[in-house]
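Some notes on the structure that comes next.
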Amino acid sequence: MRGDAPWAPRKLALPFTSTIDLRTGESTVAEPTIENYYSEDRTFPPSDAFRSGALLTDRSMWEEAERDYEAFWARQAREHVSWFEDFHTTLEWEVPFAKWFIGGKLNVSYNCLDRHVEAGKGSKVAFHWEGEPGDTRTITYAELLADVERFANALRDLGLRSGDRVAIYMPMVPELPVAMLACTRIGVAHSVIFGGFSPDAIVDRCNDAAARLIITADAGYRRGAPSALKANVDLALPSCTSVEKVVVVNRCGVAVDMVEGRDVWWDDVMAAAAPSCPPEPLDSEHLMYLLYTSGTTAKPKGIMHTTGGYLTQVAFTHRYTFDLHPETDVYWCAADIGWVTGHSYIVYGPLANGATSVLYEGTPDTPRPELREGADPGAWRKDRLWDIVERYGVTQLYTAPTAIRTFMKWGATWPAAHDMSTLRVLGTVGEPINPEAWMWYHEHIGGSSCPIVDTWWQTETGGHMITPWPGVTTTKPGSATHAIPGVFIELVDDDGAQVERGGGYLTITRPWPGMLRGIWGAPERYAETYWSRFPGRYFAGDGAKLDDDGYLWLLGRVDDVMNVSGHRISTTEVESALVDHPTVAEAAVVGANDDVTGQAIYGYVILRGGNEASDGLREEIRQHVAKKLGAIARPKAVIIVPDLPKTRSGKIMRRLLRDVVEGRTLGDTTTLADANVVEAIRTRAADASQED
């Protein structure tokens, strides 16, 4: 981000910021790193009503951080975290390895629980939990602390000690955050494995981390039925050489095999454990957790996050990004704890700030049992999220663009049937949001009055890095806007030179408290993966552009950039143009090999309800993209499909879409939520027009 970037937009000097003549497709100046086609001039300043009660309404924090960013982060650490021993050095930086708040001693569990109870807030609700079948629990801070202390002792009774690692493979039940917090209480590092992953994923992660114990459940509810978990653990365990014990939560009452001497029930170890477990003072750089993410090789990367810096950044960003007022707000991050979003913005950030949160086990299209009409889940109501918002009085909702586009496909009648007037801040996470999805979210969920905080960050960054702050930033639909105070972003070209306007590679120029401390067991891989492409700069593979007003627009992974007749075009911008068409609910774009242009653009689209596929509509959508972005970005074909191939976490598997149009045998499809969708796409692709 440019240090002098304005915080309210000026009038755009040009209708497009591209260096390409969009009528002819010919270059007029030297090629940019990533070309820039989409232009957005709608702006949404914070309302006077919102600003009147906001935590921050000016640029004072950015100015403070620019003057002395180490002093700025030291202040945030002391303001947001309770330390048993104060730190003596804010930062020790030797590229690419950082240490923050050196000499400080703290405990994450204490910060999330004990200090609130000690302050007289033990009766405050920590979680409103709702299971998919409609069972509920209201869990106070005092109750959560009692469970965490008892389970921390249970872990010690099972032989765990500070520095050990455990794996957690669970549904979205209260025992999941209890297990995580209990680990942090005694200095055990946890590795949470998403409950939709296969036994092979359990094997890879447990063996890499040398996990001594797995915490799981018999099953979790998904779309009205139990989804097995313990059975997957059993399949994995013969290959998990380090695992000694398995703790099992009885969530669904499903019959499971329990191996004597190895497997124990959660309720049994809790009943046998002592009730009091003082928090262990831990060094600021003590390993807090591992979270595995995909790499360019088959071996997943164990991202390391430590204690003091991580907790500082997630507490700080949770407070200001969502304008948190913990006395009155009911906050809901509708992600899964198995991903970093759930770690940072369901468990650690909200609890450190003393927030009241919603925790939901199931899917958005599974209504409460009394509202399920018929035996076909596909015909059920699709308003569970809006039902929850209304019943609990949710004030902040944080979800993914993929989910928002799905809600668009289902239609605005579902949210319109509920009173969601309590909402005051909306957030998005996980990928760039296209402007029309942003507008739908703004109008149909936020009632055209809620600020939207579109957040960019990664598993590796630990917490938010680029996002609007709702009382300060004038937003543009689809733009993550600016870096937060204390984070320094620059775009660079292929040679590492700074890009002041247009597209480039997104890099971070200074260390930040929540940053990953490495890849578990592979310091050389850490340096090579994140710090070698542009020496002295962190680069994790994302492209972005800066518009005339200094606003950042994320363009997705640079390996999702298509090369069409020598022009590097972002899939994100073409997808945004497709969804801009009034009949389109969701889109995915891939570049496929083409003998003439090198790569050709193929757009897969899902229509909004009430629209029928036809050759005429496909051509109309193609021309709409040309009108929005220029002829060079017009898809060779638009393929209208009933659904897109997605993983259980909602990520579109573009590799499979590319395989379809290039006629290849499909690769691994085991992580698909619905394997049947690929054959339906293959049939539609064969029928699609290939004229251009």
Side-chain angles (χ1 to χ4, degrees), residues 16 18-27 31-39 405 431-432 434-437 478 503 543 545 553-581 583-607 613 615-641 644-645 652-664 678 681-682 684-692:
F16 290 90
S18 175
T19 59
I20 301 297
D21 185 324
L22 298 179
R23 295 166 298 177
T24 66
E26 295 178 353
S27 175
E31 296 288 333
T33 300
I34 302 173
E35 292 167 21
N36 169 19
Y37 295 97
Y38 194 93
S39 176
R405 290 189 291 267
E431 59 184 318
N434 54 290
E436 292 315 305
K545 67 179 182 181
W553 299 75
L554 276 300
L555 298 176
R557 305 290 297 173
V558 294
D559 52 13
D560 286 335
V561 172
M562 302 168 292
N563 195 325
V564 181
S565 298
H567 304 302
R568 302 191 71 206
I569 301 170
S570 163
T571 59
T572 300
E573 293 203 295
V574 181
E575 288 170 359
S576 291
L578 286 166
V579 177
D580 184 73
H581 191 279
T583 68
V584 176
E586 188 169 8
V589 165
V590 296
N593 290 332
D594 186 89
D595 292 338
V596 177
T597 61
Q599 281 189 303
I601 300 172
Y602 288 81
Y604 293 83
V605 302
I606 299 171
L607 299 180
D615 290 343
L617 181 57
R618 281 197 291 264
E619 182 60 22
E620 181 183 323
I621 294 170
R622 288 180 66 241
Q623 297 305 330
H624 181 78
V625 175
K627 180 180 178 182
K628 293 289 291 185
L629 304 182
I632 192 67
R634 180 173 53 214
K636 179 172 183 177
V638 167
I639 304 164
I640 298 174
V641 294
L644 291 166
I652 297 170
M653 295 186 71
R654 289 176 175 82
R655 169 181 58 79
L656 297 180
L657 298 175
R658 193 174 297 112
D659 289 345
V660 167
V661 295
E662 293 185 344
R664 285 195 298 269
V678 178
I681 290 172
R682 198 197 299 272
R684 298 289 183 94
D687 296 337
S689 169
Q690 304 286 313
E691 293 177 356
D692 196 25

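Count residues from 1 along the sequence. The figures that follow rest on heavy atoms only: side chains count, while hydrogens, waters and symmetry mates do not.
His624 approaches Ala577 most closely through the heavy-atom pair CD2-O, 3.3 Å. Val589 and Gly603 make their closest contact through CG2-CA, 4.2 Å (heavy atoms, listed as atom of the first residue, atom of the second, distance). Contact detail for Pro645 and Leu656: the closest heavy-atom pair is CB-CD1, 4.2 Å. Closest of all the heavy-atom pairs between Pro435 and Ser576 is CD-OG, 3.5 Å. Taking each heavy atom of Leu629 and Val574 in turn, the nearest pair found is CD1-CA, 3.8 Å. Across all non-hydrogen atoms, the minimal contact from Ala633 to Ile569 is CA-CD1, 4.3 Å.
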Exercise for review: Test Ile652 against Glu586 for side chain to side chain contact (heavy atoms under 4.5 Å, CB included), laying out the working first.
Suggested key: CA-CA 11 Å; Ile652 297 170; Glu586 188 169 8; 4.0 Å; yes
Exercise for review: Starting from the C-alpha separation in whole Å, work towards a yes-or-no answer on side chain to side chain contact (heavy atoms under 4.5 Å, CB included) for Ile601 and Val625.
Suggested key: CA-CA 11 Å; Ile601 300 172; Val625 175; over 6 Å; no
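Using a 4.5 Å heavy-atom threshold, the side chains of Val660 and Val590 count as separate. In this structure, Thr572 and Asn434 have side chains that are not in contact, with every pair of non-hydrogen atoms separated by 4.5 Å or more.
The side-chain hydrogen bond (donor to acceptor under 3.5 Å, both in side chains) check on Glu620 picks up His581, with sequence neighbours excluded. Every residue was checked against the side-chain hydrogen bond (donor to acceptor under 3.5 Å, both in side chains) condition with Gln599, not counting sequence neighbours, and none meets it. In this view, Ala592 and Tyr602, Val661, Glu662 satisfy the side-chain contact (heavy atoms from CB on, under 4.5 Å) rule, not counting sequence neighbours.
Judged by distance alone, with hydrogens and angles left aside, the side-chain atoms of Arg634 form no donor-acceptor pair with the main-chain N or O of Arg622 at under 3.5 Å.
The pair Glu431-Arg405 meets the salt-bridge criterion, since a charged nitrogen lies less than 4.0 angstrom from a carboxylate oxygen.
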